[in-house]
Asks: 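This is the structure I want to talk about, given as structure tokens.
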Amino acid sequence: MTVEQTGFETKAHAQTFENEYQTPSGHDTSLDGIKGTFEAFKDANDERLKALEKRGHDDVVLREKVDRINTAMDRQQKLLDQLALKGRRPGLGQEPLVPDERKEAFLRYVRAGDASALHTLEAKSLSTATDPDGGYLAPLETERRVTAAMRDVSPMRTIATVREIGANTYRKPVSLGGAAAGWVGETDARPETASPTLAALDFPTMELYAMPAASQTLLDDAVVDIEQWLADEIQGEFAAQEGAAFITGNGTSQPTGILSYPIVDDQGQTHGQVGAINTGVDGGFDPAVPVDTLLDLIYAPRQTYRGNASFVMNRSTISDIRKLKDADGNYIWQPASQPGGASTLLGYPVVESEDMPAISTGSTSIAFGDFARGYLIVDRVGLRVLRDPFSAKPYVLFYTTKRVGGGIQDFDAIKSCVLRPKA
């Protein structure tokens with residue numbers, strides 16, 4: 001490592017960094033490994049803070065050390081998460097979920113473009129949901145493989161409520177209040193209660209598509225599990241697209257994301273709006289009391305929502321939050337306590353979503369609440385596949401579509417943190 005590469009003033013300074021301040025080597029994906037790295041991170045950050053207090057400015061060597069350990073910890077957590085996902089994937093030897101006749105017909109269509117058997121099956125079932133121009137519905141087993149994989153890799157699907165429907169729109173009635181209730185004695189008259197004020201929330205499903213490509217050689221290979229190949233190819237694309245939509249979707253051609261609703265000061269929040277807690281500093285946290293804002297955010301929802309609440313933020317925000325301490329000098333972020341578990345912030349799980357904004361001027365970088373009660377994801381049953389051997393010769397394209405919707409169903413359950421001065 002050269003002086004120019006490190007940015008240090010002298011070769012001796014660069015050598016000190018090389019020899020003394022390297023982060024723990026390797027990628028230990030055990031919980032003990034991550035906890036050990038976090039202990040090293042705390043020691044390094046404490047050393048940096050002491051030097052900052054003594055000298056009045058950040059030491060570049062110590063700052064680099066903290067950042068490198070922070071990055072190493074992110075890598076360890078990512079690898080651990082990937083191993084946990086692989087462990088949750090269903091085995092390929094499970095009992096088929098659909099009749100073999102349907103599955104074989106679909107495989108003949110995918111491999112060779114022979115749709116005659118699918119035509120016959122659709123005619124027998126009197127189905128009008130598929131046609132040669134719009135594609136054919138994939139077998140239930142293939143659809144469930146995709147859905148299960150998306151549930152594992154999509155952050156919002158792990159914490160939100162998911163409903164399957166057969167129509168294009170899910171309509172949910174909600175109460176806006178107005179119904180009276182109270183206590184009465186056993187023989188007391190029951191006064192007539194007021195009629196509740198009801199409203200209907202519509203959650204339309206939008207078309208999500210992916211277009212994986214395969215060579216004819218791959219399709220002709222009888223050893224290759226084509227259903228699994230198709231599921232693997234499209235689940236990543238679907239998860240990435242819908243993950244962004246659940247956070248920032250426009251509600252017109254996509255689901256409505258949690259940050260697409262009006263974000264207002266929590267004190268004046270009403271139905272249809274997301275309440276926000278301001279940090280008091282533009283693009284950051286108040287350095288005098290950085291944890292106070294997070295505590296205010298935790299106590300913004302009513303107690304009934306806090307029991308199942310979690311934080312949602314991206315990786316860079318987690319890296320910044322990881323350095324914060326409470327009034328007693330304890331770090332407020334803690335690594336996961338069990339395999340496949342989530343790290344915690346002030347005792348609440350942290351869900352990582354890269355589609356949340358990074359910390360910047362006026363950004364809404366953190367969300368908190370009971371997302372199972374607050375956010376609804378709607379899946380219309382059916383995964384449609386259209387085989388296209390013409391548009392990208394010599395490759396065969398598979399235009400695959402699925403209808404997904406989403407939006408907030410309880411606006412009291414989700415709160416946000418905005419990095420801006422207080423009103």
Side-chain angles (χ1 to χ4, degrees), residues 38 41-60 62-71 73-74 77 155 247-248 258-259 263-269 274-301 306 309-335 342-369 414-423:
F38 184 51
F41 168 82
K42 292 193 292 184
D43 292 342
N45 195 49
D46 288 343
E47 187 178 0
R48 179 186 69 85
L49 293 175
K50 291 177 181 178
L52 176 62
E53 183 178 355
K54 181 178 179 180
R55 302 174 187 175
H57 62 83
D58 234 350
D59 184 284
V60 63
L62 295 177
R63 187 178 69 248
E64 287 287 342
K65 180 182 179 182
V66 170
D67 290 342
R68 287 172 66 86
I69 299 177
N70 213 351
T71 300
M73 193 155 37
D74 285 339
Q77 186 63 55
I247 301 296
T248 59
I258 60 175
L259 300 185
I263 297 177
V264 302
D265 186 89
D266 190 52
Q267 298 299 319
Q269 181 258 339
V274 176
I277 301 296
N278 299 331
T279 62
V281 176
D282 198 5
F285 295 89
D286 187 340
V289 284
V291 182
D292 285 7
T293 300
L294 296 174
L295 291 173
D296 291 341
L297 180 61
I298 287 174
Y299 287 98
R306 292 199 297 271
S310 55
F311 286 96
V312 177
M313 63 187 80
N314 72 13
R315 186 178 296 271
S316 66
T317 303
I318 294 175
S319 295
D320 289 333
I321 293 291
R322 197 176 279 151
K323 302 173 185 177
L324 299 182
K325 298 181 180 182
D326 62 19
D328 296 325
N330 300 313
Y331 284 88
I332 62 175
W333 182 93
Q334 293 294 325
S343 57
T344 59
L345 177 59
L346 293 169
Y348 289 92
V350 177
V351 176
E352 184 182 317
S353 173
E354 289 306 314
D355 299 295
M356 287 292 290
I359 290 178
S360 61
T361 301
S363 62
T364 306
S365 299
I366 304 173
F368 176 82
I414 299 175
K415 304 296 180 180
S416 62
C417 178
V418 183
L419 282 71
R420 66 187 178 195
K422 294 183 179 180

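The structure presented is a predicted model; accordingly, all values stated were derived computationally and were not measured. Reckoned from all heavy atoms, side chains included, excluding hydrogens, waters and symmetry mates.
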Asks: Given Ile321, which partner from the list Ile359, Leu294, Val350 fulfils the side chain to side chain contact (heavy atoms under 4.5 Å, CB included) test?
Replies: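 Checked Ile359, Leu294, Val350 against Ile321; only one passes side chain to side chain contact (heavy atoms under 4.5 Å, CB included): Leu294.
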Asks: To the nearest 0.5 Å, tell me how far Leu324 CG sits from Leu346 CG.
Replies: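 Here the interatomic distance stands at 9.0 Å.
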Asks: Residues two or more places apart in sequence or in another chain: which of them pass salt bridge (charged side-chain N to carboxylate O under 4.0 Å, His left out) with Asp46?
Replies: Lys325
Asks: Can you sort out the partners of Ser310 under side chain to side chain donor-acceptor pair (under 3.5 Å), two or more places apart, ordered by chain and number?
Replies: none
Asks: Looking only at non-hydrogen atoms, find the nearest pair between Gly275 and Gln269 and report the distance.
Replies: N-CG, 3.5 Å
Asks: Are side-chain heavy atoms of Pro357 and Leu259 found at a separation under 4.5 Å?
Replies: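 Result yes, sub-4.5 Å side-chain heavy-atom pair found.
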Asks: Less than 3.5 Å apart, any donor N or O on the side chain of Asp326 or Tyr331 sitting next to an acceptor on the other?
Replies: no
Asks: So, does Ser416 use its side chain to make a donor-acceptor pair with the main chain of Ala367 at under 3.5 Å?
Replies: no
Asks: Sorted by first residue and then second, give each side chain to side chain donor-acceptor pair (under 3.5 Å) pair with at least one member in residues 354-368; sequence neighbours left out.
Replies: Ser363-Ser365
Asks: Going by the rule side-chain contact (heavy atoms from CB on, under 4.5 Å), which residues pair with Asp286 if we only count those two or more places apart in sequence or in a different chain?
Replies: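 Expected list: Val281, Ala288, Val289.
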Asks: State which residues pass ring pair (Phe, Tyr, Trp, His ring centres under 6.0 Å) with Tyr348; sequence neighbours excluded, sorted by chain then number.
Replies: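 In terms of ring pair (Phe, Tyr, Trp, His ring centres under 6.0 Å), with neighbours along the sequence ignored, Tyr348 is linked to Phe368.
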Asks: Using the rule side chain to side chain contact (heavy atoms under 4.5 Å, CB included), only one of Ile298, Val291, Ile332 pairs with Leu345; which is it?
Replies: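 With Leu345 as partner, side chain to side chain contact (heavy atoms under 4.5 Å, CB included) holds for just one option, Ile332.
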Asks: Can you list the residues that meet the side chain to side chain donor-acceptor pair (under 3.5 Å) rule with Thr317, with sequence neighbours excluded?
Replies: Asn314
Asks: Could you point out which residue of Val312, Leu297, Val418 forms a side chain to side chain contact (heavy atoms under 4.5 Å, CB included) with Ile366?
Replies: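 Result for side chain to side chain contact (heavy atoms under 4.5 Å, CB included) with Ile366: Leu297.
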